[in-house]
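First the proteins, then the strands, lettered A, B, ... as listed; each starts at 1. On a predicted model such as this, the values are computed, not experimentally measured, just so you know.
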Protein chains: 2
Amino acid sequence: MQLRIIPKSAAGTDALRARGKRLTRPRRLILDLVRSTDAHPSAALVYREVRRHLPRVSLATVYRNLRMLAAEGLLSERADAGGTRFDGNTDPHDHFTCVACGRIYDVPPPAARRVSPRAAVRPGFEVHGQRIEFYGRCDACRRGSTRDRRRNYARAKPQGH
Amino acid sequence: MQLRIIPKSAAGTDALRARGKRLTRPRRLILDLVRSTDAHPSAALVYREVRRHLPRVSLATVYRNLRMLAAEGLLSERADAGGTRFDGNTDPHDHFTCVACGRIYDVPPPAARRVSPRAAVRPGFEVHGQRIEFYGRCDACRRGSTRDRRRNYARAKPQGH
DNA sequence: CTAATTGCAAATTATTTGCAGCCCC
DNA sequence: GGGGCTGCAAATAATTTGCAATTAG
């Protein structure tokens with residue numbers, strides 16, 4: 001697995017061009033923003049950030065680009081209570097969702113996993129990949145040292161047991 | 001109207017009463033329906049089924065009850081592209097999502113997992129539970145022997161890599 | 001009885017789409 | 001220069017809420 005110190009928008013840019021996609025200002029900015037954070041932002045949050053640099057960009061453009069960039073494999077999407085969140089880290093990795101504040105943290109996958117993807121989930125099933133979802137309380141919430149920041153990312157209910 | 005005799009509804013019923021919750025007809029039916037299937041139905045699907053027995057029930061009631069039953073731990077919720085789905089199986093288990101048809105299958109957890117919940121996800125983090133999400137093609141789709149049934153449950157995009 | 005629950009309709013929130021004009025390659 | 005992109009506004013889709021009437025215990 002490679003480290004995530006990617007010169008922001010460089011990588012992927014070519015992949016887009018090859019596909020006949022243009023590299024517009026809003027598009028580049030959206031890609032850079034999502035890639036530069038580990039906060040798994042919602043479309044609305046990306047929108048707010050984008051507008052700090054390009055105030056005329058519309059929410060529709062943000063949605064269109066996020067959707068397209070995910071389809072091209074430059075980002076990934078995560079369905080979450082309260083809306084879709086986007087992840088600039090496309091390497092296989094797991095997540096930890098804090099049931100108190102709703103934040104989602106990345107968790108590097110154990111070295112072992114790649115070697116043993118539980119092969120026969122069910123007979124005849126073809127497993128392309130897997131991901132572990134952990135849930136619990138993050139360090140900050142455990143100490144009660146932080147306020148609920150769910151507002152930033154929409155309420156993130158726990159995803160079940 | 002006809003009351004099916006459903007053994008499963010017994011459990012949990014008391015838990016509700018203890019909490020001062022009433023056991024209304026719509027409520028009992030909703031609980032039974034979700035518990036009697038492994039299709040991880042959406043609120044809309046539950047609604048359609050409920051109305052086959054109680055035609056006057058409103059969608060709002062279905063939502064209110066699903067939400068409440070999940071909060072009481074009698075069901076669990078799963079955020080999914082296109083909307084929340086509900087799962088009557090509250091035992092720890094994993095899921096397999098077919099990227100072709102969107103169906104979600106239950107996968108029993110390996111015996112080993114309970115013993116080694118990857119403890120230190122991050123320092124200071126308190127892990128309450130975990131769940132593996134597999135994705136790939138199910139047997140039916142692999143053989144091309146079935147049609148896309150996503151209509152039944154809303155489009156279920158893969159959840160990222 | 002009487003508080004919890006419901007049906008209905010209207011309100012919110014998340015996301016998508018149609019279209020005329022703009023701007024990358 | 002021309003087709004992909006964009007902004008805007010209006011359209012959908014998913015979910016929630018206010019409230020008077022209903023009903024379980």
Side-chain angles (χ1 to χ4, degrees), chain A residues 9 13-31 40-48 50-51 53-72 77-86 102 150-157, chain B residues 1 3 9 13-31 41-48 50-51 53-72 77-86 150-157:
Chain A
S9 64
T13 276
D14 313 324
L16 287 183
R17 285 215 188 81
R19 295 267 205 158
K21 309 287 185 189
R22 292 180 183 170
L23 213 60
T24 61
R25 276 169 158 284
R27 181 165 297 168
R28 167 175 241 135
L29 185 50
I30 289 166
L31 180 57
H40 307 81
S42 63
L45 186 58
V46 173
Y47 173 66
R48 262 177 266 145
V50 166
R51 288 183 70 112
H53 297 86
L54 302 176
R56 300 185 53 74
V57 169
S58 71
L59 187 54
T61 292
V62 171
Y63 269 106
R64 276 186 290 234
N65 277 290
L66 287 171
R67 203 189 339 126
M68 186 276 271
L69 291 168
E72 295 295 335
E77 309 183 44
R78 259 181 72 78
D80 194 284
T84 307
R85 292 204 196 184
F86 297 85
R150 270 176 289 188
R151 216 171 330 168
N152 291 328
Y153 303 119
R155 71 231 122 115
K157 289 175 276 187
Chain B
M1 70 133 244
L3 267 195
S9 69
T13 275
D14 313 324
L16 288 183
R17 285 213 189 82
R19 296 267 206 155
K21 308 289 185 189
R22 291 180 184 172
L23 213 60
T24 61
R25 278 163 165 284
R27 180 166 297 168
R28 166 175 242 136
L29 185 50
I30 289 165
L31 179 57
S42 62
L45 186 59
V46 173
Y47 173 66
R48 262 177 267 147
V50 166
R51 287 183 71 111
H53 299 85
L54 302 175
R56 300 186 53 74
V57 169
S58 72
L59 187 54
T61 292
V62 172
Y63 270 107
R64 275 185 292 234
N65 276 291
L66 287 171
R67 202 191 336 130
M68 186 275 270
L69 292 167
E72 295 295 336
E77 308 182 44
R78 259 182 70 79
D80 193 285
T84 307
R85 293 203 195 184
F86 298 85
R150 270 176 289 189
R151 215 173 333 167
N152 291 329
Y153 303 118
R155 75 230 120 115
K157 289 174 277 188

Practice prompt. Check whether any side-chain heavy atom of B/Arg28 lies under 4.5 Å from a side-chain heavy atom of B/Leu31, and answer yes or no.
Written response: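 They are not in contact (no side-chain heavy atoms under 4.5 Å apart), so the answer is no.
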Discussion item. Is any side-chain heavy atom of A/Leu69 closer than 4.5 Å to one of A/Leu16?
Written reply: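 The answer is yes; the side chains approach within 4.5 Å.
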For atom [atom1] of [X] and atom [atom2] of [N], their distance in whole Å:
X       : N      : atom1 : atom2 : answer
A/Arg67 : D/dT6  : CZ    : P     : 12 Å
B/Leu29 : D/dT23 : CG    : P     : 16 Å
B/Arg48 : D/dA14 : CZ    : P     : 10 Å
B/Asp80 : D/dA14 : CG    : C1'   : 13 Å
A/Leu16 : C/dC24 : CG    : P     : 15 Å
A/Arg85 : C/dT15 : CZ    : P     : 11 Å
A/Tyr63 : D/dC8  : OH    : P     : 17 Å

Fill in: Over all atoms of both residues, closest heavy-atom pair of A/Ala43 and A/Val62
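Nearest pair, atom of A/Ala43 first, then A/Val62: O-CG1, 3.7 Å.
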Discussion item. Could you report the tightest heavy-atom contact between B/Ala79 and A/Ala81, atom names first, then the distance?
Written reply: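 Shortest heavy-atom separation between B/Ala79 and A/Ala81 comes out as CB-N, 3.3 Å.
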Fill in: Phosphate OP1/OP2 of C/dT15 contacted by A/Thr84 side-chain N/O (<4.0 Å)
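Yes, such a contact exists.
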Discussion item. So if I define the base as every atom that isn't primed, P, OP1 or OP2, how would nucleotides 2-7 of chain C read as a B/S/- string at a heavy-atom cutoff under 4.0 Å?
Written reply: -BBSBB
Practice prompt. Give, for atom CG of A/Leu66 and atom OG1 of A/Thr84, the distance between the pair rounded to the nearest 0.5 Å.
Written response: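 So the gap between those two atoms works out to 9.5 Å.
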Practice prompt. Supply the atom-to-atom distance B/Leu59 CG to B/Arg48 CZ, rounded to the nearest 0.5 angstrom.
Written response: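 Reported value, rounded in 0.5 Å steps: 10.5 Å.
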